[in-house]
S.K.: 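Encoded as structure tokens, here's the structure I'll be asking about.
We use all heavy atoms of the structure for the numbers below, so side chains are in, but hydrogens, waters and symmetry mates are not. None of these values were measured; they are calculated from a predicted model.
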Amino acid sequence: MGSPDAAAGQATAVDGETRTTAPQVDVGVLVAYEPDGDADALLSFTERMTADARAELASATDADWEFYVEEPTRLPDSRSRRASEFLDDATHRMVEGPYDVTIVVTDVTVTSSRDRYVPGLASPLARTAVVSTRVLRSRRRDEPTRSLDAPAVRWNAATLCCHLVGHVLGARHADADGGLMEPFRFDPDRRSVPGFDATAERHLERIAAEVPDEEASPRGRLRRLAFHGLSAARNPRQIARALVDSRAPLLPLSLPKLATAAVAPTLVIVFSAESWDVGFHLGNGTAALFAVVSVFAAALYLLFVQNLSFPRERHRLITEHTALVNVAVFLILLGAMAGLFGLVAGIMLVIEFVVFPPDLMANWPSLEDPSVSVVDMVRTGAFISTVGVLSGALAGGLENRAIVRHLALFHDRP
């Protein structure tokens, strides 16, 4: 991984002239094969793909690209996977390398956040790309699958690799005549890697000096936390993009155990006299503070207890984009807990305003003032919902790290 001086290009004196050396980008390439897969064939395919992609990337960025293909890793099963399931290994290797970018090549099916089979996905936030050979090799039902040595597979894979790396570096989809950055489609007649269009080249050349990632070795939790905060402050757009793409408040709807663990106890508490006594006598400020602190504590609990930070193993060294992933994961969890609060609160308000008899609360024996306002009922519903969020985080963790599969850290389209 390049130092800050290398990132900006080193000035050297040769024969009295000053020349600037190109920055170097170190790419770690992980090979993950299914139990019955051919590890050697996939390894050879990966080496050929990266060799084909290197020249075009170097030309577009004016940087030296070095690919380090690591030993193949055998997957436990052949099931399809979301790209985020490779993040543990990818971030571990990125820090251990250390690498500026990681590429995962696998022969299992990769699915997007919309459960579509895709040839590959990219995460600019994690600086990780995932390439699946399964889709590249597939044909129609009545035709045999292509081999990894087939020319069409070779050149489409190299094209896809460059396309995904372009996304990792922030390039966007171009129009139909946009070369490498046009939406990727498998072309059976492809026999070379198309070039980047002028717009993508200008973008990639401009950020070439920023590609080598910043790294640090903070000692102590406070310094480590400070590095995470500074990394997020330097890259607010990437964090915001991840939050928007994740639709974090809707995340509980795809995590049934978490939602059930939150809603189930509140359906009992809402009919409890004690909960209504507490809710009616709470101050508005106290109830709001209790809700905010509980949502924050629930997100923090899930982050640490379910070990959702990356990489899972603690390293002395940490890269900026690994820190960005951790910040994004926590903020997504925070949004998810806020969404869970809204879900439970909505159910509570429906019960209060629709199911309960209109004068039930006014006749509650423990109330000194028989008048019950809408604010009182909303505050009580919020208090019960806060308890539900806490129970959901504590009991709904049974889904373990499966929650990571729902985090939209990868672009949905390759």
Side-chain angles (χ1 to χ4, degrees), residues 80-88 90-91 94 101-104 109-132 135 160 163-174 178 181-184 200 203 207 213 228-229 231-255 258-259 295 299 302-303 306 308-310 319-343 399 401-414:
S80 61
R81 286 168 167 77
R82 292 197 179 191
S84 56
E85 294 184 62
F86 295 101
L87 270 180
D88 266 332
T91 52
M94 178 176 282
V101 178
T102 54
I103 298 175
V104 180
T109 304
V110 173
T111 59
S112 69
S113 58
R114 299 180 182 178
D115 293 325
R116 295 187 297 112
Y117 293 153
V118 292
L121 291 169
S123 172
L125 187 70
R127 281 195 173 174
T128 298
V130 179
V131 175
S132 170
V135 176
L160 175 63
H163 180 90
L164 294 176
V165 171
H167 278 314
V168 166
L169 301 185
R172 298 182 179 182
H173 277 155
M181 291 317 298
E182 67 180 62
F184 176 80
H203 170 80
I207 69 168
D213 207 1
H228 279 73
S231 298
R234 286 192 293 263
N235 301 272
R237 291 186 179 180
Q238 293 193 45
I239 297 292
R241 174 69 182 273
L243 294 179
V244 172
D245 290 344
S246 70
R247 295 180 293 180
L250 301 179
L251 189 60
L253 298 178
S254 58
L255 297 169
L258 180 68
V295 167
L302 286 177
L303 180 70
Q306 303 297 345
L308 298 179
S309 58
F310 296 94
T319 65
E320 182 174 72
H321 278 76
T322 302
L324 291 180
V325 172
N326 290 330
V327 172
V329 168
F330 173 70
L331 292 179
I332 290 173
L333 289 176
L334 195 63
M337 292 302 100
L340 183 63
F341 175 84
L343 173 66
E399 286 171 285
R401 288 180 63 84
I403 192 174
V404 175
R405 295 201 300 266
H406 299 272
L407 304 181
L409 300 177
F410 285 81
H411 283 174
D412 190 60
R413 295 187 64 187

S.K.: If you compare all heavy atoms of His163 against all heavy atoms of Phe184, which two are closest, and at what distance to 0.1 Å?
M.R.: CE1-N, 4.1 Å
S.K.: Identify the heavy atoms of Ser231 and Leu324 that sit nearest to each other, and give their distance.
M.R.: O-CD2, 3.2 Å
S.K.: Could you walk me through whether Ile103 and Val165 satisfy the side chain to side chain contact (heavy atoms under 4.5 Å, CB included) test, starting with their C-alpha distance in whole Å, then the side-chain angles of each, then the deciding distance to 0.1 Å, before giving a yes or no?
M.R.: CA-CA 9 Å; Ile103 298 175; Val165 171; 4.0 Å; yes
S.K.: Do Val110 and Tyr117 have side chains that approach each other closer than 4.5 Å (heavy atoms only, starting at C-beta)?
M.R.: no
S.K.: Measuring only between side-chain heavy atoms, which start at C-beta, is Val118 closer than 4.5 Å to Val135?
M.R.: no
S.K.: Using 0.5 Å steps for rounding, measure from the CG atom of Leu302 to the CG atom of Leu255.
M.R.: 9.5 Å
S.K.: Please find the pair of heavy atoms, one from Val104 and one from Thr128, that lie closest to each other, and give the distance.
M.R.: CG2-CG2, 4.5 Å
S.K.: Nearest 0.5 Å, please: how far is CG in Leu251 from CG in Leu258?
M.R.: 8.0 Å
S.K.: Does Ala171 offer a backbone N or O that forms a donor-acceptor pair with the side chain of His167 under 3.5 Å?
M.R.: yes
S.K.: Could you grab the distance from atom CG of Leu409 to atom CZ of Arg241, nearest 0.5 Å is fine?
M.R.: 12.0 Å
S.K.: Could you tell me whether the side chain of Ser84 and the main chain of Arg82 form a donor-acceptor pair under 3.5 Å?
M.R.: no
S.K.: Is there a donor in the side chain of Thr111 and an acceptor in the side chain of Ser80, or the other way round, less than 3.5 Å apart?
M.R.: no
S.K.: Would you give me the side-chain donor-acceptor pairs under 3.5 Å for residues 326-343, sequence neighbours excluded?
M.R.:
residue	atom	partner	partner atom	Å
Asn326	OD1	Phe310	N	2.6
Asn326	ND2	His228	NE2	3.2
Asn326	ND2	Phe310	O	2.9
Asn326	ND2	Thr322	O	3.4

S.K.: Restricting to non-hydrogen atoms, name the atom on Met94 and the atom on Thr319 that form the minimum distance, rounded to 0.1 Å.
M.R.: SD-OG1, 3.9 Å
S.K.: Shortest non-hydrogen contact from Leu125 to Gln238?
M.R.: CA-OE1, 3.6 Å
S.K.: Thr102 and Ala90: which non-hydrogen atoms are nearest, and at how many Å?
M.R.: CG2-O, 3.6 Å
S.K.: Hey, what do you get for CG (Leu87) to OG (Ser123), rounding to the nearest 0.5 Å?
M.R.: 6.5 Å
